[in-house]
Amino acid sequence: MSAITINIAEKRYASAARNGADHLALSQLKFDVPAGEFVCVLGPSGCGKTTLLNLIAGLDTAYDGEIALPPGTLEHLAYVFQTPRLLPWRTVQQNVDLVAEEQDDGAGLAARLLEAVGLGAFANSYPGELSVGMQRRAALARAFACRPELLLMDEPFVSLDPAAAEELRKLLRAILAERRATVIFVTHDHAEAVQLADRILVLSGAPAKIAAEIDVTLDAKQRFDSRALREFAETHLLARDL
Amino acid sequence: MGSDVFKSLTWSIASLACLIIIWWVAAGWIDSRNLPGPHEVLNAFTAAAASGELFYHVGVTLARVVVSFFLAMAIGSVTGIVLGRNVKADTFFDSWLVLALNLPALVTIILCYIWFGLTEVAAITAVAINKIPNVAVTVREGAKAVSKELQEMAQAYRFGRWKTLRHVILPQLNPFIAASARSGLALVWKIVLVVELLGRSNGVGFQLHLFFQLFDVASLLAYAIAFIIVVQLIELLILQPWERAANRWRS
């Protein structure tokens with residue numbers, strides 16, 4: 001596996017709010033992600049983080065620049081959106097199966113993943129019957145069903161209470177320990193970034209620039225120790241006014 | 001819930017019985033062969049059924065309804081999806097659709113018979129053309145409202161065209177297709193009768209024309225009632241269960 005290189009010269013939107021005048025969303029944004037790394041892109045809301053993920057996923061191809069993914073990555077790309085985006089008219093199991101079915105052991109994989117996220121008993125429920133937290137777990141199971149080499153995550157644990165969000169972060173790390181993948185995770189939450197990332201890219205301004213790059217040196221235990229977490233965030237992020 | 005169904009069924013039967021009694025009294029009071037009573041219609045019904053004629057003509061009409069209904073639903077749905085998902089095509093073809101919607105059914109029927117002859121193909125085509133614009137307009141509204149978020153999800157996970165259509169788009173269009181199917185059935189069978197009356201030598205419409213010439217109102221009503229029963233059975237046994245199955249996820 002080789003690295004992902006991202007080099008966006010410019011991304012503009014036609015903005016209705018400004019009488020069709022262009023809105024510059026991203027400009028001169030350049031970074032690499034080595035295979036297997038967990039990168040958190042940390043920045044305030046509206047700084048273009050979701051736009052960045054949509055460009056990487058190939059959902060939006062109207063931009064200047066280049067995004068180079070290792071061959072075959074697009075076939076094994078998973079995207080966990082800000083809302084779960086499950087198909088409400090398919091059961092939880094069917095939602096995961098739809099993504100898994102291209103795989104050799106598609107059927108067994110879905111069941112194992114649902115078991116892993118604690119939804120084994122809800123496989124035949126419709127998403128509307130589940131709580132938001134459970135829907136987010138299902139979306140996580142679906143993401144791993146395509147055996148991702150690259151996992152894009154757009155604030156996937158937002159709007160959950162802090163305890164539930166932390167539990168899902170633990171779950172994510174546990175699954176990733178078994179199934180390696182390169183992860184680009186977008187968030188505005190410092191603690192979340194420190195808890196999860198190998199490396200944090202701090203974005204600021206509009207259009208967003210990389211204000212800092214921080215390697216997270218905490219070990220697995222420290223990441224879920226609130227004091228160690230706070231200390232790291234204070235010295236590396238807050239003290240530098242990021 | 002069971003008692004609710006029972007209650008509404010009881011009311012339906014009571015109100016139908018009421019209607020039959022009014023009809024009976026009115027027929028007895030007017031005492032004309034132009035308004036036969038329920039018993040005379042029942043006699044005409046059993047006679048037509050016993051000779052097998054009723055089943056033959058209802059069967060022929062039903063076959064025409066089924067063929068033109070599916071033809072109209074298929075072409076109308078595809079048109080609606082294309083227009084709903086393609087702004088340019090919609091802008092261009094919108095006025096064609098308005099024209100088609102306002103074209104009187106009778107004009108389409110006469111033109112089809114003149115252009116294609118008094119044939120089965122002309123008859124089916126005429127019925128389908130009358131229904132296609134209604135389906136297209138209804139399904140178009142659904143296609144315009146298709147969720148962009150789910151579309152992106154399907155694209156990110158590389159669902160491909162067919163999987164996206166089957167699992168993402170069609171379930172969203174289902175309520176719209178079901179609505180146009182129900183109103184469609186009611187419209188199609190009425191137009192089929194006109195088509196038969198004008199240019200076919202069998203079917204319920206042809207028979208009604210015959211009874212009109214003979215002033216046989218009892219047989220006319222017997223055929224009408226037979227067909228109402230058939231259409232209600234289709235509604236109850238096919239369309240409603242299908243709609244329930246499609247909406248199972250809305251708990």
Side-chain angles (χ1 to χ4, degrees), chain A residues 50-51 53-61 72-103 106 124-130 135 138-139 141-154 156 184, chain B residues 1 73 77 80-81 84-88 90-91 138-139 141-182 238-251:
Chain A
T50 301
T51 306
L53 289 189
N54 285 343
L55 295 184
I56 298 172
L59 297 181
D60 187 344
T61 51
T73 307
L74 274 180
E75 283 68 49
H76 290 276
L77 180 143
Y79 197 156
V80 183
F81 300 90
Q82 241 179 66
T83 51
R85 299 200 192 182
L86 300 164
L87 299 172
W89 40 81
R90 295 286 181 267
T91 63
V92 170
Q93 168 101 38
Q94 286 168 337
N95 265 284
V96 180
D97 272 340
L98 276 172
V99 171
E101 70 189 12
E102 318 294 313
Q103 309 298 324
N124 295 320
S125 304
Y126 287 96
E129 298 167 337
L130 305 183
Q135 290 183 26
R142 176 177 67 185
F144 281 96
C146 74
R147 295 190 177 284
E149 284 177 14
L150 175 60
L151 179 56
L152 304 175
M153 307 186 86
D154 186 5
I184 302 178
Chain B
M1 202 198 115
M73 287 304 296
S77 297
I81 292 173
R85 310 199 35 81
N86 187 329
V87 181
K88 273 185 195 151
D90 189 33
T91 317
T138 310
V139 174
E141 292 317 305
K144 277 183 181 167
V146 161
S147 153
K148 189 165 171 276
E149 295 204 332
L150 292 179
Q151 186 84 13
E152 281 182 351
M153 185 280 294
Q155 203 190 335
Y157 285 105
R158 295 156 307 281
F159 272 22
R161 237 166 222 275
W162 279 112
K163 217 160 124 180
T164 306
L165 187 69
R166 185 171 155 218
H167 297 287
V168 183
I169 296 178
L170 284 182
Q172 296 182 66
L173 297 184
N174 222 326
F176 296 87
I177 294 175
S180 58
R182 292 178 79 167
I238 301 174
L239 289 184
Q240 284 186 8
W242 169 52
E243 228 179 325
R244 268 198 300 277
N247 286 322
R248 205 158 31 103
W249 58 276
R250 291 181 216 268
S251 50

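In the text below, chain A, chain B and the rest are named by the order of the sequence lines, each starting its count at 1.
Contact record, B:R158 with A:L77: NH2-O, 3.1 Å, taken as the closest heavy-atom pair. The two atoms that bring B:F159 and A:L98 nearest to each other are CZ-CB, 3.9 Å, heavy atoms only. For the pair A:R142 and B:Y157, the tightest heavy-atom approach, listed with the atom from each and the gap, is NE-CE1, 3.9 Å.
Put simply, the side chain of B:E152 does not reach to within 4.5 Å of the side chain of A:Y79, judged on heavy atoms.
Between the side chain of A:W89 and the backbone N or O of B:V168, no donor-acceptor pair lies under 3.5 Å.
Here B:R244 pairs with B:Q240, B:P241 under the side-chain contact (heavy atoms from CB on, under 4.5 Å) rule; sequence neighbours left out. With sequence neighbours excluded, no residue forms a side-chain contact (heavy atoms from CB on, under 4.5 Å) with B:R166. Every residue two or more places apart in sequence or in another chain that forms a side-chain contact (heavy atoms from CB on, under 4.5 Å) with A:P88 is listed here: B:L150, B:W249.
A:T83 contributes atom OG1, which lies 4.0 Å from atom CD of B:E149 (distance to the nearest 0.5 angstrom).
Only the backbone of A:L86 comes within less than 4.5 Å of a heavy atom of chain B; no side-chain atom from C-beta onward does. In this structure, chain B has a heavy atom under 4.5 Å from the side chain of A:R90, while its backbone stays farther away.
Proximity to chain A at a heavy-atom threshold of 4.5 Å picks out B:P171, B:Q172 from residues 169-181 of chain B, in numerical order.
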